[in-house]
Amino acid sequence: MIGGYLRNERYPEALEMYEAMRSHSLRTDSCTCTFELKACTSLSDFETGMEIIDEARRLFDEMPPKDVVCWNSMIGGYVGACDFDKAFDLFFKMWGCGIRPSPITMASLIQACGGIGNLELGKCIHGCVNGLGMGCDILFNTSLVDMYGYVQNGLYFELFDLFFRLVSSGGGFDSVTMVSLLQGCAQIACLFTGKVLHGCVLRRGLESNLIVLTAIVDLYVKCGSLKLATSVFSRMQERNVISWTAMLVGLAQNGHAEDALRLFRQMQEEGVALNSVTLVSLIHACAQLGSLKKGKSVQAHLIRCGFVFNAVNITSLVDMYAKCGKVESAKRVFDNGSTSKDIVLWNSMITGYGIHGYGRQAVGLYDRMIKEGLKPNQTTFISLLSACSHSGRLEEAKALIKQMPFEPGNAVLEALLSGCRTHKNINMGICTADRLLSLDVMNPGIYIVLSNIYAEGRRWNEVDYVRGLMRKRGLRKTPGYSLIEVGNQVHAFFAGDNSHPFWSLLSCGDYW
DNA sequence: ATAGGGTTAG
């Protein structure tokens, strides 16, 4: 019964049942306790989880004849609670008792290796498993795939190599293995490997699995191949919020925000309810389009539906209002959620102040943030610096960089550099550009700003020199543009491009 | 009876 509740993710009921069982003085075994542990960890009730695992261990020690399932439950319990040392201790004890481990035992250990990030140990265990003759076990191999996925840091090659060796030696995989692989492939955005994996899905007959297909859509999106993503998505027999959202994000993030909004309407017509992730990507699409109207209408729609806003949603709204030029509205939205200790939310408001040059307010919010015990990160400083450099507080900016608890990254220095340009501080500008070029020699933006700084100081020889460097290194300037909403349309104005029909209106003064 | 999965802001 308890197991049934767990399978249906009804954790509170499972816990209640467990309590009832104990109050009737029924004997609970280590498996029941592990069930309970699972319920606790799923409920993020960490303390109860720890109590229960200790209790599980006590019962486990009292049980005289223990089969492999009991050992696995207990080891798995420890791994689930991130108590990896105890998991390994118990494994050695089990070995000492002469119990032959099963693939599940080994899978739990591999999971533990991923958890502590010890790949070498993982490889050791992989070797043992081959020795035990379980090298082709689907269950075990899935955990391996997971471990290589977990450890990340450029181990994708090993991961795919492992997988393809597995397939060619006749070893199996299932939908869960495949989803892990697709995810790993999406992270490195390797279209070629993606297509091969897609082929494996078809050959394996997994092409009607909703989760696998959603992962494929996301993979093609991350590889920038909207054509393939769309073709998979449009052929899906079954779709849910997550698959719709994956496609929507794909459109929005590849510069097709209008299409994303169109897809959203289609989703509503088909009666699929949106969730908070859908919302964030929608608002993001509106912000990209610079369309305040669409953003506001999405917000209004949600308020009507009684949608509960969380820190992430509020962040996206703050971001959208700020990008559309409405700092006051951004602040109002922010105030509604400012009891949250979410650093990203606070950063978004500081960024909002920054892009509009409200240096004083940005610094004020930063002070308040420190007072409330929040820890600033790189993004915080980037936003602060851009706020300071827009409003002429260069020395303050420089002091901020000095007191940063970490080395300034490219973005921090870029913000300072653009401030130097705005305020014509040639010497600080040259120093900053030098430092930046030593970090990122192929960034055209740095050369552009540096040559502008020289030009403003009328140092033409240096201007020529910098431009020559750019040419020699094959770097080109990327055009800047801004978005303006007029009526129901958003127009893009590129720097140095006066061809847009609205320029004539601008110069006639009809519109503004 | 014991493991594992897909989408989001800066």
Could you tell me how far apart A:Lys66 (NZ) and B:dT2 (P) are, to the nearest whole angstrom? 19 Å
Please tabulate, one pair per line, each protein N/O and nucleotide N/O from nucleotides 6-9 of chain B that are separated by under 3.5 Å, including the distance.
residue: B:dG6; atom: OP1; partner: A:Gln183; partner atom: OE1; Å: 3.3
residue: B:dG6; atom: OP1; partner: A:Gln183; partner atom: NE2; Å: 2.9
residue: B:dG6; atom: N1; partner: A:Asn240; partner atom: ND2; Å: 3.1
residue: B:dG6; atom: N2; partner: A:Thr214; partner atom: OG1; Å: 3.0
residue: B:dG6; atom: N2; partner: A:Asn240; partner atom: OD1; Å: 3.2
residue: B:dG6; atom: N2; partner: A:Asn240; partner atom: ND2; Å: 3.2
residue: B:dA9; atom: OP1; partner: A:Gln253; partner atom: NE2; Å: 2.6

From CG of A:Leu139 across to P of B:dG5 the rounded distance in Å is 13 Å
My understanding is that only residues two or more places apart in sequence, or in another chain, count here; which of them pass side chain to side chain donor-acceptor pair (under 3.5 Å) with A:Glu372? none
Whole-Å distance, A:Asp137 CG to B:dT2 C1', equals 13 Å
Could you list all the salt bridge (Lys or Arg N to Asp or Glu O under 4.0 Å) pairs where at least one residue sits in residues 323-333 of chain A, not counting sequence neighbours? A:Asp319-A:Lys323, A:Lys331-A:Asp335
In whole angstrom, what separates A:Phe140's CZ from B:dA3's P? 17 Å
Quiz item: A:Ser175 side-chain donor-acceptor pair to B:dG5 base, under 3.5 Å: yes
Pairing residues for A:Phe88 by the ring-ring contact (aromatic ring centres under 6.0 Å, His included) criterion, not counting sequence neighbours: none
Length of the line joining A:Leu181:CG and B:dG4:C1', which is rounded to integer Å: 12 Å
Which whole-number value in Å describes the distance from A:Leu144 CG to B:dG4 C1'? 13 Å
A:Phe60 has an atom CZ; how far is it from atom C1' of B:dT2, in whole Å? 12 Å
Let me have the donor-acceptor pairs involving side chains of residues 211-224 of chain A, under 3.5 Å, with sequence neighbours excluded, atom names and distances please.
residue: A:Thr214; atom: OG1; partner: A:Leu210; partner atom: O; Å: 2.8
residue: A:Asp218; atom: OD1; partner: A:Lys222; partner atom: NZ; Å: 2.9
residue: A:Asp218; atom: OD2; partner: A:Lys222; partner atom: NZ; Å: 3.0
residue: A:Tyr220; atom: OH; partner: A:His198; partner atom: ND1; Å: 2.8

Does the gap between the ring centers of A:Trp346 and A:Phe334 come in under 6.0 Å? yes
Have a look at A:Asn209 and say if it touches a base, only the backbone sugar-phosphate, or nothing, with a 4.0 Å heavy-atom cut-off. base
Apply ring-ring contact (aromatic ring centres under 6.0 Å, His included) to A:Phe233 and list each qualifying residue two or more places apart in sequence or on a separate chain. A:Trp244
